[in-house]
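Residue indices begin at 1 and follow the sequence shown.
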Amino acid sequence: MQESDAPLREMWYLAANGRALKPGRMLAKTMLGEKLVLARALDGSVFALRDFCPHRGVPFRFGRFDGREIECCFHGWRFDGTGRCTAIPALVEGSPIDPTRIRVKRFPAKEVQGNIWIFFGDDPDT
């Protein structure tokens, strides 16, 4: 992002019609130069993450979504809707590595009047 792009990011953008995203499904989009994956949890809530596993850079869109967590197709790392890593299958019991310290960028997302909106700036409340 260039400094001149900043004003364009401090607003909500229409990402998709809510009917296009069924519970337990993902939708890949590129908006404002950001590769995103939108997902609808089984409870109906929506979230948006950068479409990029921090382990090896594989896009999440090629992975699986069980309605709660996105699993990267490469090594099975899992992430929740906040962008927090919840599991690294290769870790052995007692490992000093705490997966929850690993995060992927999350974009504020909400559904209003049947449309899914994404915020790209720093403070969605402004």
Side-chain angles (χ1 to χ4, degrees):
M1 178 181 88
Q2 297 177 359
E3 190 64 34
S4 61
D5 296 339
L8 296 175
R9 298 180 72 82
E10 294 299 321
M11 61 185 68
W12 289 90
Y13 284 87
L14 177 63
N17 183 299
R19 290 179 295 209
L21 191 58
K22 304 291 182 207
R25 306 293 294 186
M26 297 185 294
L27 177 65
K29 304 272 294 181
T30 300
M31 298 177 66
L32 282 114
E34 299 275 3
K35 292 182 187 289
L36 309 171
V37 63
L38 289 82
R40 184 183 297 279
L42 293 177
D43 69 3
S45 62
V46 295
F47 64 88
L49 301 177
R50 178 169 284 141
D51 190 13
F52 173 88
C53 179
H55 177 226
R56 294 285 184 210
V58 175
F60 285 132
R61 68 179 167 267
F62 298 124
R64 293 186 303 201
F65 179 52
D66 66 3
R68 293 182 315 110
E69 299 173 325
I70 295 175
E71 181 180 296
C72 176
C73 68
F74 197 61
H75 283 125
W77 288 29
R78 292 193 305 269
F79 294 82
D80 66 15
T82 69
R84 179 180 55 98
C85 183
T86 59
I88 299 175
L91 287 182
V92 296
E93 190 173 325
S95 172
I97 298 172
D98 177 7
T100 63
R101 296 188 66 196
I102 301 168
R103 300 188 79 73
V104 67
K105 182 168 175 59
R106 175 191 149 296
F107 294 87
K110 63 182 174 181
E111 188 167 7
V112 178
Q113 296 180 346
N115 292 306
I116 299 170
W117 298 81
I118 307 294
F119 189 81
F120 290 91
D122 294 325
D123 185 4
D125 294 328
T126 60

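The shortest non-hydrogen separation linking D66 to R68 is OD1-N, 2.7 Å. Shortest non-hydrogen contact noted between P108 and P124 is CG-CG, 3.9 Å. Of all heavy-atom pairs spanning I118 and A48, the tightest one is CD1-CB, 3.6 Å. F65 approaches M26 most closely through the heavy-atom pair CB-CG, 3.6 Å. What you find for P99 and L91 is that their closest heavy atoms are CG-CD1, 3.8 Å. The two residues D51 and A28 have their closest heavy-atom pair at OD2-CB, 4.2 Å.
Distance check, rounded to the nearest 0.5 Å: CE of M31 to CG of L36 gives 7.0 Å. Note that the CZ atom of R78 and the SG atom of C72 stand 12.0 Å from one another [nearest 0.5 Å]. To the nearest 0.5 Å, the span separating CH2 on W12 from CH2 on W117 amounts to 10.0 Å. For the atom pair CZ (R56) and SG (C73), the distance works out to 13.0 Å, reported to the nearest 0.5 Å. Here the CG atom belonging to D98 is positioned 3.0 Å from the OG1 atom belonging to T100, to the nearest 0.5 angstrom.
Atom CZ of R64 sits in a sparse spot, with 12 or fewer heavy atoms from other residues, nucleotides or ligands closer than 6.0 Å.
Using modelled atom types, one side-chain atom of K29 and one backbone atom of A15 make a donor-acceptor pair closer than 3.5 Å. With hydrogens and angles disregarded, a donor-acceptor distance shorter than 3.5 Å links the side chain of R40 to the backbone of G18. Remark: side-chain polar atoms of D80 are not paired, donor with acceptor, to backbone N or O of T86 under 3.5 angstrom. Put simply, the side chain of N17 never gets that close to the backbone of N115: no donor and acceptor are under 3.5 Å apart. Side-chain atoms of E10 come within 3.5 Å of backbone atoms of D122 as a donor-acceptor pair (strictly under, hydrogens ignored).
The aromatic rings of H55 and W77 sit parallel, their planes meeting at an angle under 30°, below the 60° perpendicular limit.
Taking hydrophobic clusters as Ile, Leu, Val, Met, Phe, Trp and Tyr residues chained together by side-chain heavy-atom distances below 4.5 Å, V58 does not share a cluster with F60. Using a 4.5 Å cut-off between side-chain heavy atoms of Ile, Leu, Val, Met, Phe, Trp and Tyr, with links allowed through other members, L14 and V112 fall into the same hydrophobic cluster. Hydrophobic clustering (ILVMFWY, side-chain heavy atoms < 4.5 Å, transitive): L42 and L27 are in distinct clusters. Cluster membership check: L32 does not share its hydrophobic cluster with F119, using side-chain heavy-atom separations under 4.5 Å among Ile, Leu, Val, Met, Phe, Trp and Tyr.
Here the rule is side-chain contact (heavy atoms from CB on, under 4.5 Å) with C53, and of F74, F79, F62 only F79 fits it.
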Check: Could you go step by step and tell me if L49 and F107 meet the side chain to side chain contact (heavy atoms under 4.5 Å, CB included) rule?
Finding: CA-CA 6 Å; L49 301 177; F107 294 87; 6.0 Å; no
Checklist line | Test salt bridge (charged side-chain N to carboxylate O under 4.0 Å, His left out) applied to R9 and E34, step by step | finding: CA-CA 11 Å; R9 298 180 72 82; E34 299 275 3; 2.7 Å; yes
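Counting heavy atoms from C-beta outward, F52 and P59 have side chains that stay 4.5 Å or more apart. Taking 4.5 Å as the limit, some side-chain heavy atom of L38 sits within range of a side-chain heavy atom of I116. A 4.5 Å side-chain heavy-atom check between L21 and E111 finds every atom pair outside the cut-off. A heavy-atom distance below 4.5 Å is found between the side chains of I70 and F47. At least one side-chain heavy atom of Y13 sits under 4.5 Å from a side-chain heavy atom of F120.
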